[in-house]
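Here the structure comes first, spelled out in structure tokens, and everything after it is commentary.
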Amino acid sequence: MLGYLGRRFAAAAITLALACAAVFASIHLLPGDPVAMLLGEQAGADPEVVQKMRGQLGLDRPLIEQFISWIGGLATGDLGRSLRTGEPVFADVMVRLPRSLELIGGGLSIAMLLGIPLGVVAARGRGRVAGTAASVAAIAGFSAPVFVSGIILVIVFSLWLDILPSSGFVEFAEDPTMHLACLALPATAIGINFMGVVARMTRASLSDTMTKEYVRLARAKGLSRDAAILKHALPNALVPVIAVIGIRAGNLLGGTVIVEALFDWPGLSSMLVSAVFARDYPVIQGALVAIFAVFVLIGLAIDTCQGIVDPRTRESAA
Amino acid sequence: MHVTAGPWAAAVYLTVVVILAVFADILSPRDPLAIDPNNILASPSAENLLGTDELGRDLLARIIHGGRVSLEVAVSAIVLASAIGIPLGIGIAFSGRRVETFAMRVIDVFVSLPEIFVAIVILGFAGGGLTTLIGTIGILFFPQFARVAYGMARSIRAREHVLCAVSLGAGTAWIIRKEILPNMMSVIAVQASFTLSFAMLMEAGLSFLGLGVPPPTPSWGQMIGGLKNYIFINAWPVVVPSVVLFAAVLSVNVLGDWLQDRLNPELRR
């Protein structure tokens with residue numbers, strides 16, 4: 001188990017290092033000079049102003065030197081300062097990171113709580129009304145764009161029922177109830193979308209497991225159909241479901257982009273989007289690195305869970 | 001051939017959407033860009049069958065024209081992604097063992113990347129627009145095609161009819177053209193249909209954020225992004241493009257499922 005975890009950690013570290021290099025390269029190699037874009041057309045036309053700005057930002061140094069100093073900063077928790085506000089990027093990332101994780105955690109919990117039972121109903125009732133209804137619900141959840149389910153949630157819970165705020169954010173320390181009320185709709189929007197993925201995977205995996213001999217044996221020794229499914233088939237069927245959640249972790253993270261914009265949730269993704277619009281490239285770099293780090297860590301967490309649940313993965317994954 | 005109600009409804013809906021999008025200029029009842037300040041955020045009426053948006057523009061006309069952008073971007077991106085991905089995947093399958101392992105590792109990293117963040121950065125710097133949007137989405141999705149093509153090419157190459165052709169002296173190019181490509185098409189078709197729905201979602205999401213085709217040209221995602229701010233004045237207008245987009249993605253997925261069951265029953269998920 002330790003060896004397996006060690007290999008996974010090493011792979012994650014390499015991925016993250018590559019991602020950091022890619023982030024740096026994409027900002028510096030993509031067409032479009034950040035200085036010219038920052039200054040706008042008028043000031044950008046003045047070579048003297050541009051030169052001064054480049055010097056201030058350290059952009060006149062060779063690329064490799066800039067990269068080394070950026071990586072050095074990264075290692076010591078210094079991601080530079082925002083060009084707009086002058087605030088340190090690292091501090092902003094650390095404030096926003098838990099908020100995005102909260103959204104992802106909430107969304108994932110909702111997806112599993114709804115998706116697994118839905119998948120079980122769909123697999124168990126194949127060819128019957130309940131099963132078909134569950135399959136339809138799964139494909140509908142999977143097809144609904146996050147912003148469509150989000151808007152429907154706002155219309156139902158904020159406009160009609162008027163019980164939850166339609167957008168906004170309150171610190172947990174300030175008002176815990178209000179904080180959770182603000183979290184409810186965005187987390188559900190992410191959860192509904194991912195629920196479809198979980199339900200479809202659970203259905204497929206469980207349908208397959210239900211035909212296995214050990215499940216038939218459980219039936220033969222007198223267990224009811226439902227008990228055989230829940231006690232014997234489901235735990236085994238969930239192994240590939242966990243794997244798929246890992247593969248789709250990017251979707252979960254990607255969902256936060258739309259949801260944070262829709263619900264004015266001040267997380268990492270909204271930080272990235274507003275920085276992209278403002279061409280605030282130290283913030284873009286910082287936000288991207290943080291997002292990739294979250295992504296790699298989710299993958300690592302899933303791999304670890306899988307290694308615990310299913311010992312075979314430890315041996316096969318070289 | 002047994003087809004249930006779901007795939008039928010999906011096919012009919014998509015046909016209508018495609019026809020409306022292709023012949024938007026003829027079929028659209030009004031000008032999608034005509035502003036009417038006296039009639040903003042209206043619910044349906046005889047005048048505007050689906051109501052109006054925040055500038056008083058006719059929603060039906062904008063839905064019809066917006067479908068054109070959404071479909072054009074998604075379909076072109078898939079064509080681009082498969083044009084790069086399929087040859088690449090087959091090429092990797094026929095390269096040596098070392099290249100194979102390395103290339104597939106790289107492709108796996110690409111497949112697992114959260115695409116939307118990469119898209120946001122590219123479009124933020126390059127600026128939105130039809131071509132950039134198609135290029136970005138196409139590039140983000142080609143690794144998925146490469147992976148499927150690679151897997152299929154490897155498994156088909158080991159089949160007896162291919163070994164037989166090799167022993168009769170067939171060259172690699174002939175094998176790829178006559179044996180590999182025709183045999184992988186059904187799996188590729190299913191992959192394309194699922195990727196199409198992802199591409200539609202991606203286009204809609206980017207347009208929703210304001211990174212898609214620049215206004216006033218409508219696209220469904222962009223309409224939703226604009227109208228969401230007026231939910232508390234009138235919730236109707238934002239519901240229209242939301243439902244239309246949702247139904248389109250759902251239809252593509254339902255047809256993809258159906259295609260999967262018809263063409264590759266052994267891969268049933």
Side-chain angles (χ1 to χ4, degrees), chain A residues 15 18-19 22-23 26-27 30-32 34 37 135-136 139-140 142-152 154-155 158-160 166 196 200-201 203-205 207-208 246-255 257-258 261-262 269 272-273 275-277 279 281 284 287-288 291-292 295 299, chain B residues 4 6 105-106 108-109 111-127 197-198 200-211 220-221 224-225 227-229 231-232 234-236 238-239 241-254 256-257 267-269:
Chain A
T15 314
L18 283 177
V23 165
S26 67
I27 305 286
L30 269 183
M37 286 193 284
S135 303
V136 170
I139 194 171
F142 168 76
S143 305
V146 190
F147 45 90
V148 170
S149 38
I151 283 169
I152 291 166
V154 168
I155 291 176
S158 307
L159 190 63
W160 291 349
S166 66
R200 281 163 68 90
M201 196 59 213
R203 181 195 64 173
S205 170
S207 308
D208 184 42
I247 295 167
R248 291 299 194 83
N251 290 34
L252 208 55
L253 201 55
V257 178
I258 308 286
L262 180 62
S269 303
L272 175 70
V273 172
V276 162
F277 277 113
R279 317 267 190 222
Y281 78 90
I284 300 177
L288 276 179
I291 287 165
F292 281 122
F295 176 68
Chain B
T4 45
R105 276 275 159 95
V106 172
D108 279 344
V109 170
V111 170
S112 68
L113 274 188
E115 295 106 349
I116 191 157
F117 295 102
V118 184
I120 287 173
V121 173
I122 298 179
L123 288 169
F125 277 84
S197 81
F198 281 127
M200 288 169 74
L201 286 176
M202 176 75 81
E203 184 276 331
L206 291 167
S207 300
F208 171 87
L209 292 171
L211 289 164
W220 294 340
I224 301 171
L227 289 167
K228 70 159 202 292
N229 302 322
I231 281 189
F232 289 93
N234 184 359
W236 170 261
V238 74
V239 171
S242 305
V243 169
V244 169
L245 172 67
F246 170 52
V249 178
L250 182 61
S251 300
V252 172
N253 281 335
V254 167
D257 267 1
L267 292 179
R268 224 194 135 113
R269 301 189 299 171

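Each chain gets a letter, A, B and so on, in the order its sequence line appears, and its residues count up from 1.
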Structural part of A/L159 lying under 4.5 Å from a heavy atom of chain B = both
So which heavy atom on A/V276 is nearest to which on B/G124, and how close?
-> CG1-CA, 3.2 Å
Under 4.5 Å to a heavy atom of chain B? For A/I258 that would be both
Would you mind checking which part of B/I120 comes under 4.5 Å of any heavy atom in chain A, side chain (CB onward), backbone (N, CA, C, O), both or neither?
-> both
Return the option, out of A/V154, A/I284, A/L262, with the maximum number of heavy-atom pairs under 4.5 Å with chain B.
-> A/L262
Hits for side-chain hydrogen bond (donor to acceptor under 3.5 Å, both in side chains) against B/S207, two or more places apart or cross-chain, chain-then-number order -> B/E203, B/S219
The interface call for A/I139 against chain B, heavy-atom contacts under 4.5 Å, is both
Tell me, please, which residues at least two apart from B/S251 pass side-chain hydrogen bond (donor to acceptor under 3.5 Å, both in side chains).
-> none
d(A/L253 CG, A/F295 CZ) to nearest 0.5 Å is 7.5 Å
What part of B/F208 lies closer than 4.5 angstrom to a heavy atom of chain A: side chain, backbone, both or neither?
-> side chain
Please determine, among B/I116, B/L123, B/L209, B/V238, the option with the most heavy-atom pairs under 4.5 Å with chain A.
-> B/L209
Looking only at B/I231, B/L206, B/L211, most heavy-atom pairs under 4.5 Å shared with chain A are made by B/I231
Look up atom OG in A/S143 and atom CG in B/L201, then write down how far apart they are to the nearest 0.5 Å.
-> 7.5 Å
With a 4.5 angstrom heavy-atom cut-off, could you sort out which part of B/V252 is near chain A: side chain, backbone, both or neither?
-> neither
Would you say the side-chain atoms of A/S149 pair up with the backbone N or O of A/V146, donor to acceptor, closer than 3.5 Å?
-> yes
Closest contact, heavy atoms only, A/A261 versus B/K228 = O-CE, 4.2 Å
When heavy-atom pairs shorter than 4.5 Å are enumerated against chain B, which of A/P145, A/S207, A/G150 gives the highest number?
-> A/P145
